[in-house]
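Heads up: the structure comes next, in structure tokens.
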Amino acid sequence: MRYTLGIETSCDETACAVLKGKDKILSNVISSSLFRHKPFGGVVPEIASRHCLEAIDYVYQRALKEAGIKPEKINLVAVTRGPGLIGSIFVGVSFAKALSFSMDIPLIGVNHIEAHLEANFIGRRKPSSFIGVIVSGGHTSLVRYRNHRHELLGETVDDAIGEAYDKVAKILGLGYPGGPMIDRLAQKGNAKAFSFTRPRQAGRFDFSFSGIKTAVLNLVEHAPLTPTLSPLRGRGKGEGEFVRDLCASFQEAVMQWVVEKTILACEEEGINNVVVGGGVSANSRLRFLMTQETRIRGMQLFLPPLELTTDNAAMIARLGYTLYRQGVRSDYKMIADPSLKIGEVTNGTFKHRH
Ligand code: KG4
Ligand code: ZN
């Protein structure tokens, strides 16, 4: 039985996981530096990479301990090679290379975005083709998977969806990260209270979220000073009706766009499987709408378990294992690639032999 060690350091998380075979997660340890970024209202790359460097060895030891195995049991090292923050990825890639070299085991660098999709297949049969939608703080992408190849169909032309959530939350004084808070408030608001113009992008499968963020800012700036709004202007916090309705309307608009584009991609490509991944796939409204719209059309939907929505190393281990079985290997020339493209690793462009 093969043990794969997964290493993930693409942004503010430092994570290691041990996967047994293709489906059994023995450990999934995550150390987040989120609390260090909170005062800045967003991730500060220098702080993130410094945290990765400080945490990586401890997180690795802990993952082995929780898995109950000795280092020499590991047969394969899988690591995020990109995309993400160069300083953070560099830490994981260097650590993985050192382990691979010292233990004389194969090394595989994987694409973080593809791994978010692969998280869905731990313990569930992977379909031969699917439309993947990745919604996170750094990415919003539509991907087609067919014949073991990932192809990018479209992506955001400006802000990522999670970024839009975080910026809207900042405008509303709700703190960082804003996604979970907006999701919670939206459930108590009226989604029809405000309407937003649909963005027009160059590509049919592309997204744009900066326009709606500006629209929210305008609504807040021009809102009459009602008692429900005043806390917003004062201490920068407020859960009044205005805020709840704005959260609900914003959420409904962006999620409708995401779901519509996903369904359109399925119809155009003649594919009946939808796979969702990334931090924003924890969103309750997205989960509801995706379930509803795929069910109506008789499509199969894959939603990741909540603990695998955010950045983790189990998904990295799983994708590394899958690629290993397909004959993909990386060598020590592999470097951190902050703008690694979808399909570069899986499609063999960078197929190295160990
Ligand atoms: O995938 P992730 O952990 O990190 C990146 O790779 O970017 O995603 C983090 C993003 C943040 O922007 C956060 O606000 C958002 O996911 N998020 C949510 C929810 N939970 C987290 N957005 C909307 N609704 C949620 N429930
Ligand atoms: Zn991610």
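Not measured: the values here are computed from a predicted model. Remember, it's 1-based here, ligands and their atoms both numbered in the order they're listed.
The ligand atoms of ligand 1 that sit less than 4.0 angstrom from a heavy atom of Gly137 are 5 (C), 7 (O), 8 (O), 9 (C), 10 (C), 12 (O). Taking a cut-off of under 4.0 Å to the non-hydrogen atoms of Tyr165, the atoms of ligand 1 that pass are 23 (C). The contact set between ligand 1 and Pro177, taken as ligand atoms under 4.0 Å from a residue heavy atom, comprises 14 (O). Near Thr310, the atoms of ligand 1 lying under 4.0 angstrom from a non-hydrogen atom of the residue are 3 (O).
Although no hydrogens or angles enter the test, the distance criterion places a donor-acceptor pair under 3.5 Å between the side chain of Ser88 and the main chain of Cys11.
The closest non-hydrogen atom to atom 2 (P) of ligand 1, taken over Ala282, Ala160, Gly162, Gly279, comes from Gly279.
When only non-hydrogen protein atoms are considered, atom 14 (O) of ligand 1 lies nearest to Asp166 OD1, 2.8 Å.
In this structure, Arg2 is not positioned above the aromatic face of Tyr321 in the sense of NZ or CZ being under 6.0 Å from the six-membered ring centre and within 45° of the axis.
Taking the ring centroids of Tyr165 and Phe250, they lie under the 6.0 Å cut-off.
Contact between Ala336 and Pro338 at its shortest, heavy atoms only, is O-CD, 3.6 Å.
Sorting the N, O or S atoms of Asp311 by how far they are from the Zn ion (ligand 2) puts OD1 first.
Relative orientation of the Phe130 and Phe121 rings is tilted, given thresholds of 30° and 60° on the angle between their planes.
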